[in-house]
Amino acid sequence: MCGEVLKSKIAFQEGPCMRHTPKLLREMLLSMIRKMGEHPDQYVRQPGRDFTRPRTLTFETVISLLLTMSENSIGKILIGRFQNSEKTPSASAFVQQRQKLLPAALETLFHRFTALLRPEKTFCGCRLLAVDGSSLKSAACPEDPASYRPGTPRQHGWNLWHMNALFDLENGIYTDLIVQKEHEKNECRALCQMAERSRVFGKVILLADRNYESCNNLAHLEKRNWNYLIRIRDKARGIAYGMPLPDQPEFDIPLKLTLGRLTPRQLETRGIAVPKSYYRIPPTMTFDFLESNSPDFYEISFRIVRLQTDSGNTETLITNLDPDRFPLAALKALYARRWGIETSFRSLKYAVGLIHLHAKKPDLVLQEVFASFLIFNFTQAAAWAVDASQGTAKYKHHVNFSDAVFACCAFLRRSAADPLPLLRRRLLPLRPGRTAPRPKITGNRISACYASAR
């Protein structure tokens, strides 16, 4: 049945999501924070000492402030939170309290909250995940050489972080996140780690760009029983290098490779027959399933397809999806959905306000990164409860994400009512096929459309 749907204009399945109302989500989140605050030893630098004395800035209050802090200065954030009270803590007091927290506090909270979400939208019965990375700048901190970039004589230095994320394209939430420092980043290793520890069960289709072209990645994904669709290079050194690919704008070729560590001559010297489709893994290439100088083999099967885009260019993809259920037209429409993770990074940085970091020390930067991802998931899950159908309207609609972030953060601060009625009224039309040229500008000018909503 799924194959018939895909062959006829590729209709995407969209089941109803569980109704996580904002009230339920807030109770879930605050309950987790309270439980962590009751036993904070594993989340603080000095167990048995930090957050043991009664203070205005308790464990729960500090976590809540980190989740809902806006782009304003810390002093103004505290004044707003404590409603101009004369007992408002100073910015210095807040910084001292947050320095007691380990980055694991916000990371654990992000993973626990995300694990409790029950998204139900699928693509032909599969969870549709996209993996990608995005860079994030923070203020200069030369004490952390793994992320520091000194700049030029006419330019200030900065620290650079790489966020590797798994994004659920149908439900609009991040399912996992690994943050790496710029000089230690490895997107392929991050993907393998996220795939191995993922709590997403059932059938999965993973979409990825060319940076994830690796035999090691394919083997890890197959071990996890995940399907994949990854864009690859066909003219440079990669999986397709040296293969007799047709000189055609479109093709679909099934291939089976036998991977090994030894050269054909080394195999013949040991009396081992060289397989027909043998691919030697160089010693410099990571492959976790064969040890160095091992005479063993590892077989892997996939399809290499080439598609022609609407602009006339061609793209080469590798996949292990069933060719009967996913012909070329289906793969073209499916891979186009990968762009959803790119737009999610834009919303995360500008609507949620991740680019407006208040910290420069590495551990404090990580606190704000995981807090922003958690708020993103909270807002998206709250939007699941909104019925965006508009009857006979020309376009489908979706919740205004920027307004939703603002309303949900105010709701978490308990300074506003339930945002659900407002979200139902703040719907925007989805206009498929609309494009606009990417502006080429210099400097740091940001449109008012991208003002932080948190």
Checklist entry - For the side-chain contact (heavy atoms from CB on, under 4.5 Å) test, which of Glu120, Arg118, Arg127 pairs with Asn171? => result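 Answer to the side-chain contact (heavy atoms from CB on, under 4.5 Å) test with Asn171 among Glu120, Arg118, Arg127: Arg127.
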Item to check | Test item: side-chain donor near acceptor, Thr309 and Lys332, under 3.5 Å | outcome: no
In Å and rounded to the nearest 0.5 Å, what is the [atom1] to [atom2] distance from [X] to [Y]?
| X | Y | atom1 | atom2 | result |
| --- | --- | --- | --- | --- |
| Asn227 | Leu221 | CG | CG | 9.5 Å |
| Ile239 | Asn217 | CD1 | CG | 8.5 Å |
| Ser372 | Phe376 | OG | CZ | 11.0 Å |
| Tyr174 | Asp168 | OH | CG | 11.5 Å |
| Leu65 | Leu412 | CG | CG | 11.5 Å |

For the residue pair [X] and [Y], what are the closest heavy atoms and their distance?
| X | Y | result |
| --- | --- | --- |
| Asn72 | Lys76 | CB-CB, 4.1 Å |
| Cys188 | Ser214 | SG-CB, 4.1 Å |
| Glu368 | Leu357 | OE1-CA, 3.5 Å |
| Leu129 | Leu169 | C-CD1, 4.4 Å |
| Ala219 | Tyr298 | CB-OH, 3.8 Å |

Pairing of [X] and [Y] as salt bridge, 4.0 angstrom limit:
| X | Y | result |
| --- | --- | --- |
| Lys256 | Glu299 | yes |
| Arg189 | Asp288 | no |
| Arg149 | Glu182 | yes |

Item to check | Test item: Tyr350 and Ile355 side chains (from C-beta on) under 4.5 Å apart, heavy atoms | outcome: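 SC-SC contact between Tyr350 and Ile355 confirmed.
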Item to check | Close side-chain approach of Gln308 and Asn313, heavy atoms under 4.5 Å | outcome: no
Checklist entry - How are the rings of Phe110 and Phe373 set relative to one another: parallel (under 30°), tilted (30 to 60°) or perpendicular (over 60°)? => result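 Taking Phe373 first and then Phe110, their aromatic rings stand perpendicular (interplane angle over 60°).
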Next on the checklist: Tell me whether the rings of His20 and Trp384 are parallel (<30°), tilted (30 to 60°) or perpendicular (>60°).
Outcome noted: tilted
Next on the checklist: Would Arg306 pass as a cation-pi partner of Phe251, given that its NZ or CZ must be under 6.0 Å from the six-membered ring centre and within 45 degrees of the axis?
Outcome noted: no
Next on the checklist: Is the terminal nitrogen or CZ of Arg261 (NZ for Lys, CZ for Arg) located under 6.0 angstrom from the six-membered ring centre of Phe287 and within 45° of that ring's axis?
Outcome noted: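 No, Arg261 does not lie over the aromatic ring of Phe287.
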Next on the checklist: Set out, in order, the CA-CA distance, both residues' side-chain angles and the distance that settles ring pair (Phe, Tyr, Trp, His ring centres under 6.0 Å) for His220 and Phe289, then state yes or no.
Outcome noted: CA-CA 9 Å; His220 275 275; Phe289 300 91; 4.8 Å; yes
Next on the checklist: Pair Asp209, Ile230 - check side-chain contact (heavy atoms from CB on, under 4.5 Å), show working.
Outcome noted: CA-CA 6 Å; Asp209 207 354; Ile230 304 175; over 6 Å; no
Checklist entry - What residue among Glu184, Glu187, His183 forms side chain to side chain donor-acceptor pair (under 3.5 Å) with His162? => result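 Passing option: Glu187.
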Next on the checklist: For a side chain to side chain donor-acceptor pair (under 3.5 Å) check, start with the C-alpha distance between Trp161 and Ser138, then their side-chain angles and the critical distance, and finish with the verdict.
Outcome noted: CA-CA 8 Å; Trp161 306 83; Ser138 65; 3.0 Å; yes
Checklist entry - Hey, does the side chain of Arg303 reach the backbone of Leu321 with a donor-acceptor pair shorter than 3.5 angstrom? => result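 Yes, the answer is positive, given that a donor and an acceptor are paired below the 3.5 Å cut-off.
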